[in-house]
2 protein chains.
Amino acid sequence: MVNKNTFASNCVDCNCKSSIFKHLSHPELDIISNSKFQVVYKAGEIIFKQGTPSPYFVCITSGLVKIYIEGYGKNLILGLVKPVDYIFGPGIYVDNRHHYSAAAVEDCTACLIDVNVFKRLIRENPDFADEFIKRVSLQAIFNFEQVISLTQKQMPGRIADVLFYLSEKIYCQNPFELSITRQDLADLSGMSKESAIRILKEFKEEGVLTLHGNHLEILNIKQLRHISEKG
Amino acid sequence: MVNKNTFASNCVDCNCKSSIFKHLSHPELDIISNSKFQVVYKAGEIIFKQGTPSPYFVCITSGLVKIYIEGYGKNLILGLVKPVDYIFGPGIYVDNRHHYSAAAVEDCTACLIDVNVFKRLIRENPDFADEFIKRVSLQAIFNFEQVISLTQKQMPGRIADVLFYLSEKIYCQNPFELSITRQDLADLSGMSKESAIRILKEFKEEGVLTLHGNHLEILNIKQLRHISEKG
DNA sequence: GAATAAAATTGATAAAAATCAACCAAACAG
DNA sequence: CTGTTTGGTTGATTTTTATCAATTTTATTC
């Protein structure tokens, strides 16, 4: 998997001022640059599988990736990751294994950074450590909201939450071009594909959104917010 | 809430060699000792509510605490915390607010440590930072297992998972004395109180466990494991 | 551009779980 | 003790959601 397409490139040239590496100095970024390599994935390809060893900290530099848990018969998508963000495996501080899987939703490139280099920099640069802890904390808070949505809301509320997530956190625009399938939408909302389709249809009939092919536009944000909030 | 019962005591005397503070030196522990104070809570009392400011890192030194999210009409208990462990609020690295609530399940004592002192030590002692990140990572991995159980397993599987959690992680023995109510058991498993009662009854009838008052004993671990694994 | 494969849609049915309402039992206060 | 409160239990019913099967649409490949 790893040696299908590697080429050199420098972290300094990457959009790293808003990334987790924002507090690293040029020499520190060079340490990462020299120890990393870049890999290209086609849409649909699996980047890593849960349970496998995790020798790299993976940073997405282009495209779109889903991280998901393979559960009992179906997947739960924890979230989508876009550039420049990372696919943190909490396993690198525990048992050096992945605890979720990752796959390319769109064609993408990823940088693989040696975990030991990453951990050494965490120890050496408190600003970097703080930034890392901050991002892990943000992720934990997001997970709390997600688990409440998934366990306590009915299907319309869950779909509404996922649409807000996609619109606000991933595509950052409205209307937006969905590049994910109905199955992925269902796996994000913890329901069957058929149920997801039916809820989207309802939303369309109520004038909450339009949906032509991949093109999704939220027409009535207030109403969608209301659907989300009533649970 | 905070000044109902405070008294001095030293972290070095506390069982800190297996706690998050295991890598701190005596002088560092003294810094914490000097900035902290201890509070006593009676069973049922709320320690903090989600949404409130979070100026303290809270460490449980005796008793049993539940951390829970107040969702849409009902609570989801994220887990129980016993001595010596902490009620980490991911908010201290984000917005200085609690993102879940905490309440005493049994009478308990807690140490409140100034967040700024805590964060300063994280910056100054890389071993402490590593230990902290390690524990946060472990928590994240546990949360993944929990969310899969809650969203993809049916009620018997969810109750089985909660019983394993209580037996292995909290009470660390079998049989054990349950000090939680059926409502809390239901809130741990993401179901109604009535459903939790019915599943427990089923388990009893199938000879999986006995249940006299508070005293719960798992009789057939193999069968319970099987129930958990089939989802 | 025809053939094929993959994804989306729809309706009917079955399963899972919540809710409601009533009742019981243990703990507790006066 | 005795009344009261709190938590536990049960059965009946309704709601929610998944599953199954069939069909249509869209994308892909030769």
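Lettering of chains follows the sequences in order, A, B, ..., and the numbering in each one begins at 1.
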When the distance from [atom1] of [X] to [atom2] of [N] is rounded to whole Å, what number comes out?
X: Arg182(A); N: dT10(C); atom1: CZ; atom2: P; value: 10 Å
X: Asp187(A); N: dA7(C); atom1: CG; atom2: C1'; value: 14 Å
X: Lys153(B); N: dA16(C); atom1: NZ; atom2: C1'; value: 17 Å
X: Leu216(A); N: dA8(C); atom1: CG; atom2: P; value: 13 Å
X: Lys193(A); N: dT10(C); atom1: NZ; atom2: P; value: 13 Å
X: Gln152(A); N: dA18(C); atom1: CD; atom2: C1'; value: 13 Å
X: Asn214(A); N: dA7(C); atom1: CG; atom2: C1'; value: 12 Å
X: Gln183(B); N: dA18(C); atom1: CD; atom2: P; value: 11 Å

Query raised in the report: Looking at SG of Cys59(B) and CD of Gln38(B), how far apart are the two atoms once the value is rounded to the nearest 0.5 Å?
Result: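 Cys59(B) atom SG to Gln38(B) atom CD measures 9.5 Å (nearest 0.5 Å).
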In terms of side-chain heavy atoms, does His98(B) have a donor or acceptor partner in Gln50(B) at a distance below 3.5 Å?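 No.
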| Side-chain donor-acceptor contact under 3.5 Å, Ser19(A) with Tyr86(A) |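 Distance-only check fails for Ser19(A) and Tyr86(A).
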For the side chain of Arg198(A), counting heavy atoms from C-beta on, which of dA18(C), dT9(C), dT10(C) is nearest?
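Output: dT10(C).
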Among the nucleotides dA8(C), dA12(C), dA17(C), which one has an atom lying closest to any side-chain atom of Ile197(A)?
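Nearest to the side chain of Ile197(A) among the choices is dA8(C).
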Open item on the list: Using a heavy-atom cut-off of 4.0 Å across all strands, would you classify Ser192(B) as base, sugar-phosphate, or nothing?
Closed with: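 It contacts base atoms.
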Under 4.0 Å, heavy atoms only, any strand: does Gly44(A) hit a base, just the sugar-phosphate, or nothing?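 Nothing, no nucleic acid heavy atom in range.
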- Query: Nucleotide range of DNA chain D contacted by chain B, 5' to 3', under 4.0 Å to a heavy atom?
  - Reply: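 First-to-last contact on DNA chain D, by the 4.0 Å heavy-atom rule, is dG8(D) to dA12(D).
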Given Asp184(B), Ile77(B), Ile159(B), the one that forms side chain to side chain contact (heavy atoms under 4.5 Å, CB included) with Ser189(B):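 Only one option passes, and that is Ile159(B).
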Taking the six-membered ring where the residue is Trp, are the ring centres of Phe48(B) and Tyr56(B) under 6.0 Å apart?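 No; Tyr56(B) has its ring centre 6.0 Å or more from that of Phe48(B).
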Quiz item: Strictly under 6.0 Å, is that where the ring centroids of Phe144(B) and His99(A) end up?
Solution: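 No - the distance between ring centres of Phe144(B) and His99(A) does not fall below the 6.0 Å cut-off.
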Note to self: Show the nearest heavy-atom pair for residues Leu80(B) and Ile170(B), with the distance to one decimal.
What the structure shows: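 It is O-CD1, 3.5 Å.
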_I want to confirm an ordering. Mapping Glu194(A) and Gln154(A) to their closest nucleotides on DNA chain D, which one lands closer to the 5' end?_
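With Glu194(A) and Gln154(A) compared, the 5'-side residue is Gln154(A).
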Whether Arg158(B) contacts dA17(C) is assessed here as follows: a side-chain N or O lying under 4.0 Å from the phosphate OP1 or OP2. Is that the case?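 Checking dA17(C) against Arg158(B), a side-chain N or O does come within under 4.0 Å of OP1 or OP2.
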* **Distance test, side-chain N/O of Lys201(A) to OP1/OP2 of dT10(C), below 4.0 Å** =>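 Result: yes.
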